[in-house]
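FYI, side chains are in, hydrogens and waters are out, and symmetry mates aren't considered; it's all heavy atoms of this structure.
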Amino acid sequence: MLRGRSLSVTSLSGLPRWEVEELPVEELLLFEVAWEVTNKVGGIYTVIQTKAKTTADEWGDNYFLIGPYFEHNMKTQVEQCEPVNDAVRRAVDAMNKHGCQVHFGRWLIEGSPYVVLFDIGFSAWNLDRWKGDLWEACSVGIPYHDREANDMLIFGSLTAWFLKEVTDHADDKHVVAQFHEWQAGIGLILSRARKLPIATIFTTHATLLGRYLCAANIDFYNHLDKFNIDKEAGERQIYHRYCMERASVHCAHVFTTVSEITAIEAEHMLKRKPDVVTPNGLNVKKFSAVHEFQNLHAMYKARIQDFVRGHFYGHLDFDLEKTLFLFIAGRYEFSNKGADIFLESLSRLNFLLRMHKSDVTVVVFFIMPAKTNNFNVETLKGQAVRKQLWDIAHSVKEKFGKKLYDALLRGGIPDMNNILDRDDLTIMKRAIFSTQRQSLPPVTTHNMIDDSTDPILSTIRRIGLFNNRTDRVKVILHPEFLSSTSPLLPMDYEEFVRGCHLGVFPSYYEPWGYTPAECTVMGIPSVTTNLSGFGCFMQEHVADPAAYGIYIVDRRFRSPDDSCNQLTQFLYGFCKQSRRQRIIQRNRTERLSDLLDWRYLGRYYQHARHLTLSRAFPDKFHVELTSPPTTEGFKYPRPSSVPPSPSGSQASSPQSSDVEDEVEDERYDEEKEAERDRLNIKSPFALSHIPRGKKKLHGEYKN
């Protein structure tokens, strides 16, 4: 029986506690299978890419990723090399000799993991035969017109073939294979149907049917137990895909998902309760200078301010030092991503700010890619006008400085009436006249193809947020991914996020939610919901999320109107904060990044592998579990400084940014808070030896 060193592992919450054997990774091979290996399509790419370093550090040369081959990705992301492992090398050679095209190399990301890439098109001639194999394995047929499902069948068949070749030559090594999403699921189904000696894990990041149902504006979470699953999948013409996903779930030794909310969904949609919840993490990079992220915020905020100066030329009658930048970003799923409730809340926020005669202005960016023709001419003109004014100001400043310098050298004070000549005044007057505009600043930076039917623009027309002078809330739709090469807003996404004050993601359907997680790691507060995996995770592990800059909107147990009012109050409370309160909150937000580090969250994946090995090879591996503690789970404590959250002691109307709260200044000790938080985040992950000979209790893993 293969046994390693005994370890006691406690989860973040303190609720699921297990005692397991430390696996002898030198006697195992780990394969992760996903359509998004080296192929950026969605969030799974981020999961695999960021987790690779932690997994590679643990498993070394026994860790492999399996994905599809695309020539442009291979050329730019993969360094080809020969397999070091004998079983993998022989499997690659055998498949290439039998008419396949298998590529092997190192993925050029942190950790440099090995990748095995299958050329789907090169093996398409086997499609009909493999359709028959799938039918024999699980009685699922794939229609010829569903090209994506056909590609997944080829990919899955090649994966099962490859794993068969590996197990044939693996000698005494045991194989663990983790499959991500239904796209990789056919490989799992065929491997189990052929009784390959491998331990399998299936991870769903979002159920197929759940995404479709939520996109149709159905009251999804209140009717989870009432859906006729087969009927709903059939009506949407995805029944074969749903069957592939469900078969994968039930074939796997261990079924995992990324959040508690998705676990509830999966239990109803896929009819199996997940064995382990594996939260998504990030590679957290700490700066050597404690407040470097605050400096980056100031630097990138200045660049956003430059864009705003150009976009609102002629209407720049608000103070940029008292302007807050909010944003929402992600796929253009109007309801799923919460853009509908966000826009309605902005309308109500605008009313509150105007009613209280606030001098705070809120500029909101919608970074959601849509179909466009090109940049809006008026938007480009705004940036050109801004640059022209900047050049004129520098030119006049040079002349002014030279005359001042010469006068001071002669020992005299220059005559300020003569230091600028008539030409200078004429140039400046012309520059001022050039900033006049008859139209309002545009609400979109691009020419939209479906302008009249676009959901965001239609809602803006309905609520009347047209960037009027009297509006305290201004809206800018940027229907394109951000890029540092853009002539309009030359910033990468990370730079843009760092320059904003608040990310707002009031999603209705968000199995995890990387956007608020990325904000947290960068020290930027964010709004999320209790229907997102990230929001549930933070509710469980942080006693006062708002104090740490995580505002959680209740979209599960409240009506849409009540949720909208709650979001409006969060936004209004944020606008009332002083500059110092926002700085304190950003410091606290950044400290939560340890919660999202793969070095800690990787333990959940580690446990899933232990569990699948014990089920696939019970005579050689075992996992022994203790009952969960009866105490309430670990939580980040509420900050000891008063008020408990920056909005707790605010006045009834927004303050200007330069107002300082002296009472809070006396009571807030950042170093003590930070040290206590560091100790709290480390304690749940402490690994301690289990005394030998101690009898352990068997039980089920609970989340």
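Atom CD of Gln237 sits in a sparse spot, with 12 or fewer heavy atoms from other residues, nucleotides or ligands closer than 6.0 Å. Environment of CZ in Phe351: sparse, with no more than 12 heavy atoms of neighbouring residues, nucleotides or ligands closer than 6.0 Å. Around atom CZ of Arg461, more than 12 heavy atoms belonging to other residues, nucleotides or ligands sit under 6.0 Å away.
Residues Arg309 and Asp306 meet the side-chain proximity criterion, which asks for heavy atoms closer than 4.5 Å. Looking at heavy atoms from C-beta onward, Thr529 lies in side-chain contact with Val553 at the 4.5 angstrom threshold. Two residues are said to be in side-chain contact when any heavy atoms from C-beta on lie closer than 4.5 Å; Met244 and Ile142 meet this criterion. Two residues are said to be in side-chain contact when any heavy atoms from C-beta on lie closer than 4.5 Å; Phe293 and Arg498 meet this criterion. Contact check for Glu148 versus Gln183: side-chain heavy atoms found under the 4.5 Å cut-off. Here the side chains of Phe220 and Phe227 are in contact, with some heavy-atom distance below 4.5 Å. Between Ile476 and His311 the shortest side-chain heavy-atom distance falls below 4.5 Å. With a 4.5 Å cut-off on side-chain heavy atoms, Tyr514 and Val47 count as touching.
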Between side-chain atoms of residues 205-213 and protein atoms elsewhere (two or more places apart, or another chain), which donor-acceptor pairs fall under 3.5 Å?
{"residue": "His205", "atom": "NE2", "partner": "His180", "partner atom": "ND1", "Å": "2.9"}
{"residue": "Thr207", "atom": "OG1", "partner": "Gly210", "partner atom": "N", "Å": "3.1"}
{"residue": "Thr207", "atom": "OG1", "partner": "Glu265", "partner atom": "OE2", "Å": "2.3"}

Report task. Apply the test side chain to side chain contact (heavy atoms under 4.5 Å, CB included) to residues Lys301 and Phe325: give CA-CA distance (whole Å), side-chain angles for both, the deciding distance (0.1 Å), then the verdict. Result -> CA-CA 8 Å; Lys301 181 180 72 173; Phe325 300 129; 3.8 Å; yes
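Judged by distance alone, with hydrogens and angles left aside, the side-chain atoms of Arg462 form no donor-acceptor pair with the main-chain N or O of Ser458 at under 3.5 Å. Gln294 places a side-chain N or O within donor-acceptor distance of the main-chain N or O of Ile583, the cut-off being under 3.5 Å.
Counted by atom type alone, Gln49 and Asn283 present zero donor-acceptor pairs between their side chains at under 3.5 Å. Side-chain polar atoms of His240 and Asp146 form a donor-acceptor pair below 3.5 angstrom. Side-chain contact annotation: Thr262 with Ser259, donor-acceptor N/O pair under 3.5 Å present. Under the 3.5 Å distance criterion, with hydrogens and angles disregarded, no donor-acceptor pair is assigned to the side chains of Thr38 and Asn73. Of the N and O atoms on the side chains of Tyr332 and Asp454, at least one donor lies less than 3.5 Å from an acceptor on the other residue.
Separation of the Trp512 and Phe537 ring centroids falls under the 6.0 Å cut-off. Ring-centre distance between His501 and Phe574: not below the 6.0 Å cut-off.
Residues Lys226 and Asp219 are not paired through a salt bridge, judged by the lack of any N-O separation under 4.0 Å between the basic side chain and the carboxylate. For Arg586 and Glu590, the salt-bridge test fails: no basic side-chain N is under 4.0 Å from an acidic carboxylate O. Comment: Asp359 does not engage Arg472 in a salt bridge, judged by the lack of any side-chain N to carboxylate O separation of less than 4.0 angstrom. Between Arg241 and Glu245 there is no salt bridge, since no side-chain N of the basic residue sits under 4.0 Å from a carboxylate O of the acidic one.
Separating the OG atom in Ser563 from the CG atom in Asp554 is a distance of 6.0 Å, to the nearest 0.5 Å. Atom OG of Ser507 sits about 11.5 Å away from atom CG of Asn530, to the nearest 0.5 Å. To the nearest 0.5 Å, atom CG of residue Leu349 and atom OG of residue Ser358 are 9.0 Å apart. Distance check, rounded to the nearest 0.5 Å: CD of Glu540 to CD of Glu260 gives 6.0 Å.
Counting all heavy atoms, side chain and backbone alike, Met448 lies closest to Ala370 at CE-CB, 3.8 Å. Minimum heavy-atom separation, Ile456 to Met368: CD1-SD, 3.9 Å.
Cation-pi geometry between Arg437 and Tyr313 is met: the NZ or CZ atom falls under 6.0 Å from the ring centre, inside 45° of the normal.
With Phe505 as the partner, the ring-ring contact (aromatic ring centres under 6.0 Å, His included) test is satisfied by one option alone out of Phe534, Phe342, Phe327: Phe327.
Remark: His394 engages Trp390 in a ring-ring contact (aromatic ring centres under 6.0 Å, His included) (not counting sequence neighbours).
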